[in-house]
Amino acid sequence: MEREIQKHLSKVCIEVAKENGWPNSPEVMVSYPKEKRFGDYSTNVAFLWGKAMKLPPREVAQKVVERVDHPDIEIIRVDGPGFINLTMSLGWWHKGLREVLSQKEGYGSSSLGRGERVQVEFVSANPTGPLHIGHARGAAVGDTLSRLLEKAGYSVEREYYVNDGGLQMRILGQSLLARCKEVMGVPVEFPEDGYKGGYIVELAKKALQELPDVMDLPEDEAAAKLSRWGAEEILNGIKEDLELFNVDFDNWFSEASLYESGAVEEAVRELERKGLIYEAEDALWFASSRFGDDKDRVVRRSGGAYTYLAADIAYHRNKAERGFTKLIDVWGADHHGYIPRVRAALEALGYDPEILKVLLIQLVNLLRQGKPVAMTTRGGQFVTLREVVEEVGKDAVRFMLLTRKCDAHLDFDLELAKEQSEENPVFYVQYAHARICSIRRTAEERGMSLPEDWERVDLSPLTLEEEKEIIKKLTAFTGMIEGAARSLEPHRITYYLHELAALFHGYYNRNRVLLDDEGLRNARLALSEGVAIVLREGLRLLGVSAPTSM
RNA sequence: GCGCCUGUAGCUCAGUAGGAUAGAGCAGCGGACUUCUAAUCCGCUGGUCGGGGGUUCGAAUCCUCCCAGGCGCGCCA
């Protein structure tokens with residue numbers, strides 16, 4: 001809706017520019033004034049334009065206002081130092097609600113992305129242990145961001161990068177081997193840097209059953225076999241956990257495949273051809289500092305093995321080759337030092353480094369009764385994602401993890417989350433939806449006939465100020481989606497939904513929907529239906545359910 | 001030492017592309033169910049936006065310098 005106003009004003013500005021011989025105006029932005037007395041929409045274009053031309057903003061605003069001619073604009077005037085404020089007709093808002101009712105769950109979709117191909121890579125936890133609560137945040141953010149971008153018109157592919165190559169796999173194999181021996185009663189010294197979690201013991205027991213002759217192999221082979229088998233087992237567990245958490249991936253990309261296909265070697269060779277690789281101290285270095293990195297980085301160790309970075313270079317090269325125009329990596333904030341390296345590599349390989357957007361997720365501080373819980377995968381002391389979801393519930397966990405911007409630290413207190421589970425904002429939003437469904441059920445119970453076609457309900461009985469406010473909020477949904485998609489800020493959805501739910505709860509407490517007056521009743525039912533549609537769609541983006549009763 | 005992130009009400013956090021008198025939730029106090037779900041609503045209380053300077057019609061937002069906290073600066077991943 002505000003889009004239409006924005007277009008109209010832009011058109012007017014072009015006319016005004018032509019008429020007065022002015023340069024074209026800056027982009028017109030329509031916003032919602034905080035105070036009602038200023039009207040429904042507002043723009044500050046006169047300030048920006050006036051500044052560019054060194055003319056008083058009020059004068060510029062006046063010229064624009066005189067030219068505006070739109071049937072749904074009831075009042076337009078210049079306020080304060082030069083704001084242009086608009087008040088819309090009732091019919092305009094009724095039209096807005098009708099749009100929601102006719103587009104249903106498609107409402108809020110936008111063509112902002114124009115089908116641009118975007119890849120979102122997230123979670124990407126090593127297959128050396130189950131997902132813990134720290135991974136949950138990245139999972140929730142990455143998944144909702146993907147849904148959000150799709151809603152905003154991008155063509156999105158979700159990918160999980162499986163770190164199944166290199167050192168960690170060896171450690172996994174050795175850890176499993178040691179536990180297998182223990183289970184068999186063979187005294188053994190557990191590897192110092194091995195994974196100490198209890199899940200390794202469980203896995204070892206299972207391995208002895210499923211791979212009965214593994215212990216007959218020479219140690220190296222046994223460890224390698226256990227490593228491969230274990231990684232697959234763990235990865236399957238991860239997939240189950242993610243499913244439980246309502247997170248889907250289109251693609252599972254194996255790091256090992258980059259070595260097997262020679263992609264890593266090839267990427268390094270290409271850098272070499274460009275003269276960006278040199279040898280020093282028996283190692284191969286990538287001259288990343290020529291592209292803004294602090295210093296050069298080793299890509300092949302003196303022992304001959306490639307570094308993790310080398311694989312990452314090959315991986316990002318592969319992504320770019322697949323034709324994505326935007327690559328979004330969701331990383332833990334402790335990896336931030338990696339950004340300049342990967343960007344440097346992309347640039348060195350001839351790609352625009354700006355196609356890579358990295359979303360840094362600050363770590364979750366897991367607390368239990370106010371006390372921090374130490375969490376290390378190797379130490380084996382952690383609370384798994386599965387445990388938290390089982391304790392607190394998928395909906396509440398997802399919602400809570402999405403109510404903060406990603407670059408802010410997040411305290412997640414298990415006891416508090418459980419205790420507060422009835423005070424959790426997620427229930428507030430879900431309750432609004434359940435309430436609307438309940439109104440409908442009651443109407444049916446009372447034998448009131450529901451409108452067959454919501455689109456055709458006469459909305460003119462909706463004349464209350466608060467009804468208009470609700471519709472205004474509904475019509476702001478699309479703009480919110482676009483803003484959140486543009487800035488990669490999925491948390492905006494949770495705040496929007498909370499505000500919409502609050503408007504509806506207030507309205508519900510002050511007004512009755514199921515009245516004898518059929519016209520008014522149906523109009524209010526239609527309004528409720530509109531709210532339900534947007535709540536449902538917003539919750540879907542969050543991966544949270546919209547219950548019909550609570 | 002260098003780099004990234006954070007600092008807003010007692011607590012946890014928003015603040016939508018620099019806009020108009022800075023907002024929610026929780027906590028606290030007081031009210032609202034014979035009427036569509038009280039997991040709700042209504043009212044009150046609560047602020048040197050970490051601090052100083054700067055940019056301009058206008059700054060929580062941009063620049064700069066400090067202060068505090070987190071993270072990172074490996075031939076680990």
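The analysis underlying the following values was restricted to heavy atoms, covering all of them including side chains, and did not include hydrogens, waters or symmetry mates. Naming: A, B, ... by sequence-line order, numbering from 1 per chain.
A straight line from CD of A/Glu2 to P of B/U16 spans 15 Å, rounded to a whole angstrom. Summarising the geometry, the separation between NE2 on A/His409 and P on B/A68 is reported as 17 Å, rounded to the nearest angstrom. The distance between atom CZ of A/Arg170 and atom C1' of B/A77, rounded to the nearest whole Å, is 12 Å. Counting to the nearest Å, the P atom of B/A32 and the CZ atom of A/Arg512 are 19 Å from each other. A/Tyr428 has its OH atom 22 Å from the P atom of B/U12, to the nearest Å.
Pairing partner, B/G72: B/C2, with both Watson-Crick or wobble hydrogen-bond distances short of 3.5 Å. When Watson-Crick and G-U wobble pairs are counted only if both distances are under 3.5 Å, B/U34 pairs with no nucleotide at all. In this structure, B/G19 and B/C57 make a Watson-Crick or G-U wobble pair, each of the two defining distances being under 3.5 angstrom. Here B/G28 sits opposite B/C44 as a Watson-Crick or G-U wobble pair (both hydrogen-bonding atom distances under 3.5 Å).
Annotation: B/A14 and B/U6 have their C1' atoms spaced 15 Å apart (nearest Å). Rounded to whole Å, the C1' atom of B/A60 lies 13 Å from the corresponding atom of B/G19.
Considering only side-chain atoms of A/Asn509, the nucleotide from B/G69, B/G19, B/U40 that sits closest is B/U40. Checked against B/U37, B/G15, B/C71, the side chain of A/His336 finds its nearest nucleotide in B/C71. Among the nucleotides B/C76, B/A38, B/C42, the one closest to the side chain of A/Tyr508 is B/A38.
The structure places OG of A/Ser289 at 10.0 Å from CG of A/Leu276, a figure rounded to the nearest 0.5 Å.
A/Glu35 comes within 4.0 angstrom of a nucleotide base, judged by non-hydrogen atoms across all strands. Looking at heavy-atom distances under 4.0 Å, A/Ser549 makes contact with a base. Within 4.0 Å of A/Arg446, counting heavy atoms only, lie sugar-phosphate atoms of the nucleic acid but no base atom. In this structure, A/Ser42 reaches the bases: a heavy-atom distance under 4.0 Å links it to at least one base atom across the strands shown. Residue contacts shown for A/Gly483 are absent, as no nucleic acid heavy atom lies under 4.0 Å away. Using a 4.0 Å heavy-atom distance criterion, A/Asn126 is classed as a sugar-phosphate-only contact. Counting non-hydrogen atoms under 4.0 angstrom, A/His335 reaches a base of the nucleic acid. Residue-level contact check: A/His505 touches the backbone only, with heavy atoms under 4.0 Å from sugar-phosphate atoms and none from bases. Contacts of A/Arg492 with the nucleic acid, taken as non-hydrogen atoms under 4.0 Å apart, involve only primed sugar atoms and P, OP1 or OP2. Counting any heavy atom pair closer than 4.0 Å across all strands shown, A/Glu281 reaches a base atom. As judged by a 4.0 angstrom heavy-atom cut-off over every strand, A/Asn511 is placed among the base-contacting residues. Counting any heavy atom pair closer than 4.0 Å across all strands shown, A/Arg297 reaches no nucleic acid atom. Within the 4.0 angstrom heavy-atom criterion, no nucleotide atom of any strand lies near A/Arg521.
The glycosidic torsion of B/C33 lies within 90° of 0, placing the base in the syn range.
Ring-to-base geometry does not place A/Tyr495 in a stacked arrangement with B/A24 (centre distance under 5.5 Å, plane angle under 30° required). B/A20 has its base stacked against the ring of A/Phe83, the centroids being under 5.5 angstrom apart at an interplanar angle below 30°.
When each of A/Trp252, A/Tyr315, A/Phe122 is paired with A/Tyr161, the ring pair (Phe, Tyr, Trp, His ring centres under 6.0 Å) condition holds for A/Tyr315 and for no other.
Residues from residues 302-318 of chain A with heavy atoms under 4.0 angstrom of RNA chain B, sorted by number: A/Ser302, A/Tyr308.
Evaluation of the side chain to side chain contact (heavy atoms under 4.5 Å, CB included) rule for A/Glu489 yields A/Ser487, A/His491, A/Arg492 as partners, not counting sequence neighbours.
Residues A/Asp395 and A/Gln430 have side chains that bring a donor and an acceptor to within less than 3.5 angstrom of each other.
The side chain of A/Arg510 contributes no N or O atom lying less than 4.0 Å from OP1 or OP2 of B/A32. Put simply, A/Lys34 has no side-chain N or O that comes within less than 4.0 Å of OP1 or OP2 on B/G15. Under 4.0 angstrom from either OP1 or OP2 of B/G15 there lies at least one side-chain N or O belonging to A/His491.
Using a 30° and 60° split on the angle between ring planes, A/Trp331 and A/His316 fall in the perpendicular class, above 60°. Below 30°, between 30° and 60°, or above 60°: for A/Phe477 and A/Tyr107 the angle between ring planes is below 30°, a parallel geometry. Aromatic ring orientation, A/His498 versus A/Tyr428: parallel (interplanar angle below 30°, classes split at 30° and 60°).
A/Arg37 contributes a side-chain N or O that forms a donor-acceptor pair with the base of B/U21 under 3.5 Å. In the interface, the side chain of A/Asn85 is paired with the base of B/A20 through a donor and an acceptor atom under 3.5 Å apart.
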Practice prompt. Mark up nucleotides 56-63 of chain B, 5' to 3', with B wherever a protein heavy atom is under 4.0 angstrom from a base atom, S wherever such an atom reaches only the sugar-phosphate, and - elsewhere.
Written response: -BB-----

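Residues A/Lys36 and A/Glu465 meet the side-chain proximity criterion, which asks for heavy atoms closer than 4.5 Å. In this structure the side chain of A/Glu467 reaches within 4.5 angstrom of the side chain of A/Arg524, judged on heavy atoms.
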Practice prompt. Could you please spell out the steps behind the side chain to side chain donor-acceptor pair (under 3.5 Å) verdict for A/Arg404 and A/His409?
Written response: CA-CA 8 Å; A/Arg404 302 185 151 81; A/His409 299 263; over 6 Å; no

